[in-house]
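Okay, so here's the structure we're looking at.
No hydrogens, no waters, no symmetry mates; every other heavy atom, side chains included, goes into these values. The structure presented is a predicted model; accordingly, all values stated were derived computationally and were not measured.
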Amino acid sequence: DLTANRESIRASLSLDVPFALPEGIPSEISVNLNGSYNELSDFGQLTAQGVAVTWRPVEQARVLISLQEQDAAPTLAELTSPVVLTPGIRVVDTATGDSVLAAVLSGGNSMLGAARRRSRRVGVQWILHDKPRIQLNTDYEHAETTGATRTLNALSSSFESAFPDRVTRTEQGELNSLDLRPIQTVRTLREDVSTTLSVTKRLEATRVRSTGPRPTKRRKSGRPGTVRLILSHRWALRDQVRLTADQPALDLLDGDALDRLGGTPEHTADLSLTRWNNGLGLALTGRYQSRTTSARAPSRLTFSSLLLLT
């Protein structure tokens, strides 16, 4: 049996510095400085640091600007999972477009190193109404990561071009075996705009009790119920991955793909509607994502848009 464990020693510091504005100006400004240190027993040192500026021009609105830089370690599973070679796995060979049986190597990769993520974010939070509470959040984020770990679940032409030693073929060019253990990318770049609208209404149950010529209402005992609606949308502006130093970056929004479902959808939307009252609840969730493409295969593949309701 293989046993792995991870222990950590953490320390963090966060300092908030408010700024006094001239009298008569209702807005508020504060600066947050933060940092952390994390020592992993199986990996080593990880650090993080950042700065954030919060501006509240009016009581109902808040603007947040932040810069963050942090290390991230691969998971224990990505590092130490048993390496297993499984024959007879059905794989789509992107070189020919055929579905073939091949031996697939899976498990951990002990050679993975730490990733370094740098992000810039600008967010606006606006409370449109108090009762019911209606809140609108919009965030722009630009994130760049060096050395990110990525686990693949399928063969792609981009993967084979970057890691030819992980794909073996017969003399006739037929796929023989495939190594799908985690890889460490050189650089990833993501840029997106996210918008969330939330509506929350508290339900106050009442009952009528007659105490005279005019009935009076009394609140029913117990916790009041809640109806909550959350609508969110993510617009992907950029999603690029550079697998190796001598390969160009892959554009996952423009035909490149690293899994069997094509690239990254440009638009993704989520719906959550819940109602809770007197211990009973109902929930409706939904997800929409726009179509994706894989244009680097022998023939262009288009995956239609997806709508799920549960």
Side-chain angles (χ1 to χ4, degrees), residues 1-14 34-50 66 68-86 89 91 103-121 141-156 158-160 162-163 165-167 177-192 194 234 236 239-245 247 249-250 252 256-265 268 270 287 289:
D1 293 341
L2 179 64
T3 301
N5 63 76
R6 172 176 288 178
E7 297 179 352
S8 65
I9 300 175
R10 298 183 179 182
S12 61
L13 176 66
S14 181
N34 58 82
S36 66
Y37 172 86
N38 192 7
E39 178 82 26
L40 299 182
S41 59
D42 66 307
F43 195 80
Q45 302 174 4
L46 302 173
T47 61
Q49 53 275 333
S66 65
Q68 192 75 27
E69 187 171 349
Q70 62 183 17
D71 296 328
T75 65
L76 273 177
E78 292 169 336
L79 287 169
T80 63
S81 290
V83 177
V84 178
L85 180 64
T86 307
I89 300 296
V91 178
V104 175
L105 189 67
S106 60
N109 182 357
S110 60
M111 302 301 293
L112 297 173
R116 188 70 172 175
R117 186 177 189 270
R118 302 173 182 85
S119 65
R120 302 192 298 268
R121 178 172 171 245
E141 185 176 30
H142 177 283
E144 180 180 349
T145 306
T146 56
T149 297
R150 195 173 189 115
T151 300
L152 305 177
N153 58 17
L155 173 64
S156 67
S158 301
F159 172 77
E160 184 173 2
F163 303 99
D165 57 327
R166 285 181 169 241
V167 181
S177 65
L178 176 62
D179 184 352
L180 288 181
R181 290 176 297 169
I183 62 174
Q184 190 161 23
T185 60
V186 172
R187 178 176 176 266
T188 64
L189 179 61
R190 299 192 66 173
E191 190 176 3
D192 56 49
S194 300
R234 174 181 175 269
D239 192 354
Q240 298 177 353
V241 179
R242 190 172 185 180
L243 297 179
T244 61
Q247 294 281 334
L250 305 177
L252 302 184
D256 290 317
L258 288 175
D259 58 34
R260 63 173 64 95
L261 297 179
T264 299
T268 304
D270 290 285
R287 160 160 281 215
Q289 68 179 40

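- Using a 4.5 Å heavy-atom cutoff, the side chains of R287 and T268 are in contact.
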| message | With side-chain contact (heavy atoms from CB on, under 4.5 Å) as the criterion, how do S106 and L180 come out once you've worked through the C-alpha distance, each side chain's angles and the decisive distance to 0.1 Å? | response | CA-CA 5 Å; S106 60; L180 288 181; 5.5 Å; no
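- Minimum heavy-atom separation, P182 to R166: O-NH2, 3.4 Å.
- Note that CD of Q184 and CG of L112 are 5.5 Å apart. Values are rounded to the nearest 0.5 Å.
- Residues N34 and S14 bring no donor and acceptor atom of their side chains to less than 3.5 Å of each other.
- Salt-bridge annotation for E141 and R117: present, with a side-chain N of the basic residue lying under 4.0 Å from a carboxylate O of the acidic one.
- Taking all atoms of both residues into account, the shortest heavy-atom contact from A257 to G263 is CB-N, 3.9 Å.
- With hydrogens and angles disregarded, a donor-acceptor distance shorter than 3.5 Å links the side chain of S156 to the backbone of F159.
- Between L79 and the choices T149, D42, N109, the side-chain contact (heavy atoms from CB on, under 4.5 Å) rule is met once, by D42.
- At a threshold of 4.5 Å between non-hydrogen side-chain atoms, the residues L252 and Q240 do not count as touching.
- A pairwise comparison of heavy atoms in R150 and L258 identifies NE-CD1, 3.5 Å as the closest pair.
- With S41 contributing its side chain and E7 its backbone, the two residues share a donor-acceptor pair below 3.5 Å.
- With rounding to the nearest 0.5 angstrom, the CG atom of N38 is 5.0 Å from the OG atom of S8.
- In this structure a side-chain-to-backbone donor-acceptor pair under 3.5 Å is missing from Q247 to T244.
- No donor-acceptor distance shorter than 3.5 angstrom exists from the side chain of T188 to the backbone of V241, with no hydrogens or angles considered.
- Counting all heavy atoms, side chain and backbone alike, T47 lies closest to R116 at O-NH1, 3.2 Å.
- Using a 4.0 Å cut-off between charged nitrogen and carboxylate oxygen, R118 and E144 do not count as a salt-bridge pair.
- Looking at R187 and L189, their side chains come closer than 4.5 Å, going by heavy atoms from C-beta outward.
- The side-chain heavy atoms of I183 and L243, taken from C-beta on, include a pair separated by under 4.5 Å.
- Atom CG of residue D239 and atom CZ of residue R190 lie 4.5 Å apart, to the nearest 0.5 angstrom.
- At a threshold of 4.5 Å between non-hydrogen side-chain atoms, the residues L105 and L178 do not count as touching.
- One distance of note links CG of L46 with CG of D71; it measures 5.5 Å at 0.5 Å rounding.
- Distance alone, capped at 3.5 Å, places no donor-acceptor pair between the R10 side chain and the Y37 backbone.
- Considering all non-hydrogen atoms of both residues, Q68 and Q49 come closest at NE2-O, 3.5 Å.
- Atom CG of L76 sits about 7.5 Å away from atom CG of N5, to the nearest 0.5 Å.
- What you find for G113 and F43 is that their closest heavy atoms are C-CZ, 3.5 Å.
- Rounding to the nearest 0.5 angstrom, the gap separating the OG1 atom in T146 from the CZ atom in R242 is 12.5 Å.
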